[in-house]
Amino acid sequence: MFLIKNLILFITLMANFSLANAGWLDLNMTEGVTDISQEVFGLHMLILWICVVIGVLVFGAMFWSILMHRKSKGVTPATFHESTSLEFLWTIVPFVILIGMAVPATKTLIKMYDHSDSEIHIKITGYQWLWQYEYLNTNVSFYSKLSTPYDEIYNKSTKNVNYLQEVDKELIVPVNKKIRFLLTSNDVLHAWWVPDLALKKDAIPGYINEMSVVINEPGIYRGRCAELCGRHHGFMPIVIKAVEEKEYEEWLANAEKAKTSDVAKINK
Amino acid sequence: MKEKKLNIKTAKKLIFICFSMFLFSFALIPLYNVICDVTGLNGNTSNLKEKVDSYTESVSSKKLNIQFISHQPNNKKLTFKPSEFEMEVSPGKIYSTMYLATNNTSSNIVGQAVPSVSPNEASKYLKKIECFCFEEQTFKPGEVTNLPLYFAIDEKMPKRIKTVTLSYSFFEIMNVSKKN
Amino acid sequence: MSSVVKDTHHDEHPSGIMRWITTTNHKDIGTLYLWFAMIMFFIGGLMALVIRSELFQPGLQFVDPQFFNSMTTMHALVMIFGVVMPAFTGLANWMIPIMIGGPDMALPRMNNWSFWIMPFAFSMLLSTLWMDGGAPAGGWTLYPPLSLQTGDAFPFLIFAIHFMGLSSIMGAINIVATILNMRAPGMTLMKMPLFVWTWLITAFLLIAVMPVLAGGVTMLLTDKFFGTSFFNAAGGGDPVMFQHIFWFFGHPEVYILILPSFGVVSAIIPTFARKPLFGYSSMVYATASIAFLSFIVWAHHMFTVGMPLAGEVFFMFATMLIAVPTGVKVFNWVTTMWKGAMTFETPMLFAIGFIVMFTIGGFSGLMLAITPADFQYHDTYFVVAHFHYVLVPGSIFAIMAACYFWLPKWTGNMYPETLGKIHFWLSTFFVNLTFFPMHFVGLAGMPRRIPDYSLQFADYNMIASIGAFGFGFAQLIFLYLIIKTIKGGSKATDQVWEGAEGLEWTLSSPPPYHSFSTPPVIK
C-alpha cells in the first residue's frame, strides 16, 4: 500500500514537472552569445554525436550478442580468442577519430587565447564571498554581491525567478567590443564563470589570469563562482548586463562623475 | 627460507622507490620554479635583478602596451596604486614607472609586493632592472612612499603579444609587524 | 564468518577476536578489508544522503553550508580511501595468492599491519566531525589556501591521509612481492589471470604516487603550522603548484580505483560467455599503457587555472589518447561475449552493467578532454556525473560483481540468485536515476559543491535525490544477502560456475585455511 501510494505521488510529481516547469527544456549546454561560445557549443555537439554513434555501434553489438548468443538458445560457444588485424583496426580507428576531434578543438582554443586589440580592460577580484569589478584606466570600481534575501534562502518566503542569481550591482559592459578581463583573488581560489560567454577561469591570490570576450547581443547574463571557496561558495553569483555602446559610455561617464564627487566629499 | 629472503629483497627495492617518490614530490617545487622561469608557466616573474647593459642597444621599432595594476589587502590600511595605468614601450629600451603606497594607519606596515604578469608567457621577456619588489618594504604611518620600477622588454617578445599586464599584489607580513 | 574456516580444524590459530587482530592469513585479512570497506560504504553513503537531502529542493533546509561542504569532502575521502581502495585490496588479498598458486602473501606480518592501520586512520578522520571548526570542508582535493582555513581538524586530516597512504603503500608492496616471487612453478607472467596483472600494475602506481600525495599534504601541514610558503604567493610560492602535485598523484589514483575492476570484469565475462577472453595480451598492454599515460595527463583537471596555450593543447591530446587503450578493453570484452554461450547470473549482470555504464562515463570523459568545451564543463555537475559513472557503476559494480562471483568460493554456499538479481536491477535503475540527470544540470550551468541552487536546476536535483535514496536502500539487500550466504545456503561445488577456469576453482569451496602449501601443477 505504502509503495503504491508513493508511486502515485511520484508519477504526479513527474507530471507536474513536465507540464509546469521550463526546467525540463534545459537539457543542453547553452549556445551563448559570443562567436566563441557558439564554436564551443558546436564542439560539444560534435563530440557528443561521435560518442553517441560509437555507443550505438558498441552497445548494439553487445546487446545483439546478449540476445542471440545465450546458452538457453542452445548455442555452442566459439573458441576464437585473438585476431591481430581486428585488434589493430580498433586501435587505429579511434586514434584517427580523435585526431579529427582534436584539430577543431585546438583551433577554437587558439582563438580563445587571443586577447589582442582589447578595448576595455576590467579587473575582477574574488573575495570570500563577493566579486569586485574595476574598470581599469577609470576610477570606477565596485563590489557585486548576492542580493537574494535571507528569507528566500531559508524558505520563509517564495523564491523569485532569479533566486541565487541576482546581485546588488551588475557588471555593465558594451556589446561588439572586445573586453579583456584580468582575474585575481584576495583570499582563496575562486573561479569566474558565465556560461553564456563561455568564460571560466580561476582567480588565484597573488597571480593574475586573463580572458577576453566580444558579446554579440545585449542582454543580462548570469553566472556563478565555480571553484569551492568556503561556506558561501554557492552564494556568489555573477550578473553581467551587456548594453549598446552609447548606453555604456553614458553609464561609465555618470559612474565616474559619481565616484569623483564621492571622493571629493570624503576629502572635504 | 630462500623465498623469504627474496621477498624481503623485493620489498626493500619497492620501499626505496617509495622514498625516492616522496623526495621527488619535494623536488617538484624547485623543478616547477625552474619550468616557470623558462616557460613563464604561471606568470611569476623572477625576482632577480637583470643586467643593465644588455638592454640599452638595438631598439626595435615595434611597439606594445604595458599596463600596471595592483592589488592590496581589502582592509583600507594601505593604498597601493600604480602612478600610471598604461605605457607604450619599444622592446629593448629601459623605462621607468612608479607605484605609490600610502599607509593610512598609525603603525608601520611591513610587507612584500609579489609580481604577476599576464599573459603568462610574457613574464620571461619582462626584465626588471630595479624594482621595489626585490625586497620587503616598510611603510611608516601616514607616509606616502614612491616605489620606483625600472624595466625593459626583451626584443625576443613574440609579436602576437600586444598588451602585457604587470600586477603587483601587496602582502602584509604579519609576524614582523607585530614585533615592531 | 565461522563457516569460512569450518573444515580447517587442523590449523592452529587463536579463536575469537584475537584471531582477527593477530591474523597473518591472507584470507582472513582479505575478509577484514572487505568488511571494513562495507562499513565505510554505508558511512560514506549516509554522507551522500545528507548531501542529496539538502539538494532535494532549492533553499537551505537541513544543514549549514559549512557542514554541507564537510559532507562533500568527507564523502569523497571515505568512498575513495575507505571503500574502493580497501575493497580492491581485500579482493587482492583473498584471490591473488590462490590465483597464482602461492601459499600466502609474501609478507604476512606486514599484511596484518597494513590492514590494522586503516581503522585508526579512519577513526581519526571521522573524529574530525565533532571538532571545533568542523570537519575538513575544503574539498577532498585539499586545494590551498581554502584547505588551510580548516580548523582544529586540519592536522588530523593530514595525518589520517598519511596513515591511509602508508597502509596502501604497504599493501601494494606486499602485492608486488607476492606476484613477483610467490607464483607456482610454470605460472609465467603471461599466464597470470588479468586480475593479477591489473593489480600488479595498480600496485606499482600506488607505490609511485602515494608518496607524492604524502609529500604534498606534508607541505600543506608545514605551510599552516611552520611558516613555510610552498603554496603561498606572499612568500614566493604558488597555490597552483599544489594542484600540480595533487593531480600528479590524483590522476594515477583514478586508475588505481578502476584498473582492478578491469581485471574483475575480464575474469567474469569469459566465465559466463563460456569462451576464452579475447585478446589477452592486448588487454595486458592496454592496461600498461593506461598506467603509463596516467602520469602525463594530470593537468586536465586544471584546464581553467590559466596554463599557457601549449600546455592546454598537450594535456588535451594526451588525455584523448587514453580513450584508445580503454576502447581496446571495451571492444575486447564485447568480442569475448560475441558468439559465446552466455548465461546471466548476478556476477555477469553486474559485469555487463559495468561495461555499459563505465563506457558512458568514458564518453563523458572524452567530452571533458576537449579543452574549450571543458571550460563549460569544468567544476559543474557534468563532472560529478562523469566521475560517479566511472566510480559507482564502474568500480563499485565491479566490486559487487567480484563479491557475487567469488562469494560461493569464499563461503562454500551459493547466494540466493533471485535476490542477487533484484539487487542488480534496483541498483542499476537507481544509479542511473541518480547520476544521469546530473549531466543535464551540469550542462545547464550548476556548479558542483554548492548547498543551494537556483530554480532552473530544481527538477533534476529532485530526481537525483530520489534516485540516491533508492540506491542507498537497495544496498541493504546486498548486506543482507552476504550475511545470509555466510550463515548458510545451498552448498557450492568446487568449480561453482560451469565456465569457470583458473586455479581458484580447483580448490574446495570454501578453500582450506592454508591453500597451495605444495605448489599446484600449471598446464
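Every chain is numbered from 1 and lettered A, B, ... according to where its sequence line falls, protein lines coming before strand lines.
- Neither the backbone nor the side chain of I97(A) comes within less than 4.5 Å of any heavy atom in chain C.
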Begin with the C-alpha distance, continue with both residues' side-chain angles, and end with the deciding distance and a verdict on side chain to side chain donor-acceptor pair (under 3.5 Å) for S212(A) and E210(A). CA-CA 7 Å; S212(A) 59; E210(A) 65 180 334; over 6 Å; no

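- Of all non-hydrogen atoms in K201(A) and N209(A), the two that sit nearest each other are CG-CB, 3.9 Å.
- Between V239(A) and Q165(A), the shortest heavy-atom distance links the atoms CG2-O, 3.5 Å.
- Counted by atom type alone, N155(A) and Q57(C) present zero donor-acceptor pairs between their side chains at under 3.5 Å.
- At a 4.5 Å heavy-atom cutoff, the contact between M62(A) and chain C is made by backbone and side-chain atoms alike.
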Yes or no on side chain to side chain donor-acceptor pair (under 3.5 Å) for T73(C) and R449(C), after CA distance, side-chain angles and deciding distance? CA-CA 9 Å; T73(C) 307; R449(C) 294 164 168 170; over 6 Å; no

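- Closest non-hydrogen pair, L142(C) versus S147(C), comes out as O-OG, 2.9 Å.
- Residue T148(A) does not touch chain C at all, counting heavy-atom pairs closer than 4.5 Å.
- Neither the backbone nor the side chain of V52(A) comes within less than 4.5 Å of any heavy atom of chain C.
- Here the side chain of E54(C) pairs a donor or acceptor atom with the backbone of F62(C) at under 3.5 angstrom.
- Checked by atom type and distance alone, the side chain of K123(A) never pairs as donor or acceptor with a backbone atom of L182(A) at under 3.5 Å.
- For T141(C), no part sits under 4.5 Å from any heavy atom of chain A, backbone or side chain.
- For L43(A), the part lying under 4.5 angstrom from a heavy atom of chain C is the side chain only.
- Contacts of M316(C) with chain A are made by side-chain atoms alone, with heavy-atom separations under 4.5 Å and no backbone atom involved.
- Using a 4.5 Å cut-off between heavy atoms, P372(C) touches chain A through backbone and side chain atoms alike.
- In this structure, the ring of F272(C) has its center less than 6.0 angstrom from the ring center of W497(C).
- In terms of non-hydrogen atom pairs under 4.5 Å with chain A, the most contact-rich of G327(C), S282(C), G139(C) is S282(C).
- Only the side chain of F344(C) comes within contact range of chain A, with at least one heavy atom under 4.5 Å from a heavy atom of that chain.
- For the options L199(A), T106(A), T84(A), I99(A), heavy-atom pairs under 4.5 Å to chain C are most numerous at T106(A).
- In this structure, the portion of F63(A) lying under 4.5 Å from any heavy atom of chain C is its side chain and not its backbone.
- The closest donor-acceptor contact from the side chain of T319(C) to the backbone of F315(C) lies under 3.5 Å.
- The aromatic ring centres of H439(C) and F436(C) sit less than 6.0 Å apart.
- In this structure, CD1 on I360(C) lies 5.0 Å from CZ on F59(A), to the nearest 0.5 angstrom.
- Ranking A373(C), A233(C), G445(C) against chain A, the residue ahead of the rest is G445(C), based on heavy-atom pairs under 4.5 Å.
- Only the side chain of Y143(C) comes within contact range of chain A, judged by heavy atoms closer than 4.5 Å.
- Across L146(C), I450(C), V328(C), the residue that shares the most heavy-atom pairs under 4.5 angstrom with chain A is L146(C).
- Using a 4.5 Å cut-off between heavy atoms, F375(C) contacts chain A through both its backbone and its side chain.
- Both the backbone and the side chain of A78(A) have a heavy atom closer than 4.5 Å to some heavy atom of chain C.
- If you tally non-hydrogen atom pairs under 4.5 Å between each of M68(A), K159(A), M101(A), K73(A) and chain C, the highest count goes to K159(A).
- Taking both residues in full, the closest heavy atoms of M283(C) and S266(C) are given as CE-OG, 3.7 Å, listed atom of the first, atom of the second, then distance.
- Distance CD/E31(A) to CG/D196(A): 10.5 Å, rounded to 0.5 Å.
- With respect to chain A, the highest number of heavy-atom pairs below 4.5 Å among F457(C), F382(C), Y377(C) belongs to Y377(C).
- With respect to chain C, the highest number of heavy-atom pairs below 4.5 Å among S37(A), P195(A), G206(A), P94(A) belongs to P195(A).
- Note on L48(A), L46(A), V93(A), T30(A): by heavy-atom pairs under 4.5 Å with chain C, the leading option is L48(A).
- Annotation: salt bridge (charged side-chain N to carboxylate O under 4.0 Å, His left out) contacts of R70(A) (sequence neighbours excluded): none.
- Between W90(A) and N332(C), the closest heavy-atom pair is CZ2-OD1, 3.1 Å.
- Of the atoms belonging to F95(A), heavy atoms from both backbone and side chain fall under 4.5 Å from chain C.
- Looking at A273(C), the atoms closer than 4.5 Å to chain A (heavy atoms on both sides) all sit in the backbone: N, CA, C or O.
- The most heavy-atom pairs under 4.5 Å with chain A, out of M367(C), Q376(C), E312(C), M302(C), come from Q376(C).
- Between chain A and the residues V334(C), D452(C), T380(C), the most heavy-atom pairs under 4.5 angstrom are made by D452(C).
- Contacts classified as salt bridge (charged side-chain N to carboxylate O under 4.0 Å, His left out) and involving residues 33-60 of chain A (residues at least two apart or in different chains) are given here: E39(A)-K111(A).
- Contacts with chain C were tallied for I66(A), L183(A), T91(A), N162(A); I66(A) has the most, counting heavy-atom pairs under 4.5 Å.
- Of the listed residues (R224(A), H232(A), Q128(A)), the greatest number of heavy-atom pairs within a distance under 4.5 Å of chain C belongs to R224(A).
- With a 4.5 angstrom heavy-atom cutoff, F235(A) touches chain C only via side-chain atoms.
- P144(C) and F242(C) make their closest contact through CD-CD2, 3.2 Å (heavy atoms, listed as atom of the first residue, atom of the second, distance).
- Looking at L148(C), neither its backbone nor its side chain comes within 4.5 Å of chain A, counting heavy atoms on both sides.
- Only the side chain of I204(A) comes within contact range of chain C, with heavy atoms under 4.5 Å apart.
- The part of L277(C) that comes within reach of chain A is its backbone (N, CA, C, O), which places non-hydrogen atoms under 4.5 angstrom from that chain.
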